Amino acid sequence: MKTATLSSLGDGVMTFSGAWRANRDYSNVRHYYVLVMRTMAGSRWQNNFYVESAVPFDRLLQTHARTSESGEKWTLEVRRQDGRFLLGDAVDITNDLDKIQERFH
């Protein structure tokens with residue numbers, strides 16, 4: 001589970017990061033990645049969850065994540081823009097948010 005906060009109202013970027021080694025170590029285990037996006041909704045915090053199984057999430061990382069200079073860490077950005085959530089500025093995940101029950105059914 002990775003959490004990022006967009007502390008101001010409106011559009012902005014939330015950044016998630018992790019270790020490539022962890023992805024390799026767990027590649028043979030059935031698991032899920034959860035990105036928690038904390039945003040301001042008026043005067044309250046709102047949490048949105050993006051849940052994805054390992055293989056599709058690893059594909060997203062390979063396509064959209066940046067790798068650190070050392071090659072050990074990945075960084076993935078989710079941009080909130082005009083009420084939409086864009087993963088890596090290309091993949092609209094808005095309609096996939098908060099579907100936790102569907103992922104574990």
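Owing to the predicted nature of the structure, the values given are computational and were not obtained by experimental measurement. Residues: numbered from 1 along the sequence shown.
To the nearest 0.5 Å, the span separating CG on Leu35 from CG on Leu97 amounts to 9.5 Å. Here the straight-line distance linking atom CD1 of Ile93 with atom CG of Leu86 works out to 8.0 Å at 0.5 Å rounding. Going from atom CE of Met14 over to atom OG1 of Thr3 covers 11.5 Å, rounded to the nearest 0.5 Å.
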Side chain to side chain contact (heavy atoms under 4.5 Å, CB included) assessment of Thr15 paired with Leu76 | CA-CA 6 Å; Thr15 304; Leu76 186 64; over 6 Å; no
For Leu6 and Arg80, what are the C-alpha separation, side-chain angles and deciding distance, and is it a side chain to side chain contact (heavy atoms under 4.5 Å, CB included)?
-> CA-CA 9 Å; Leu6 184 60; Arg80 185 173 72 177; 3.6 Å; yes
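Using a 30° and 60° split on the angle between ring planes, Phe57 and Tyr33 fall in the parallel class, below 30°.
The one candidate from His64, Glu52, Arg79 that meets the side chain to side chain contact (heavy atoms under 4.5 Å, CB included) condition with Leu87 is His64.
Side-chain atoms of Leu60 and Val91, non-hydrogen and from C-beta on, do get closer than 4.5 Å to each other. A 4.5 Å side-chain heavy-atom check between Met37 and Phe16 finds at least one atom pair inside the cut-off.
Checked by atom type and distance alone, the side chain of Thr94 pairs as donor or acceptor with a backbone atom of Phe85 at under 3.5 Å. Using a distance-only test at 3.5 Å, with no hydrogens or angles considered, no donor-acceptor pair links the side chain of Ser53 to the main chain of Val55.
In this structure Arg84 satisfies the salt bridge (Lys or Arg N to Asp or Glu O under 4.0 Å) test together with Asp92, sequence neighbours excluded. Taking Arg38 as the reference, Asn47 meet the side chain to side chain donor-acceptor pair (under 3.5 Å) condition, with sequence neighbours excluded. Thr63 meets the side chain to side chain donor-acceptor pair (under 3.5 Å) test with no other residue; sequence neighbours excluded. For Gln46, the side chain to side chain contact (heavy atoms under 4.5 Å, CB included) criterion is met by Thr39, Ala41, Asn48, not counting sequence neighbours. Scanning for side chain to side chain donor-acceptor pair (under 3.5 Å) contacts around Thr67 gives Trp20, with sequence neighbours left out. Judged as a salt bridge (Lys or Arg N to Asp or Glu O under 4.0 Å), and not counting sequence neighbours, the contacts of Arg66 are Glu77. Looking at residues two or more places apart in sequence or on another chain, you find no side chain to side chain contact (heavy atoms under 4.5 Å, CB included) involving Ser43. Not counting sequence neighbours, Gln81 has no partner by the side chain to side chain donor-acceptor pair (under 3.5 Å) test.
When the side chains of ILVMFWY residues are joined at heavy-atom separations under 4.5 Å, either directly or via intervening members, Val13 and Trp45 end up in two distinct hydrophobic clusters.
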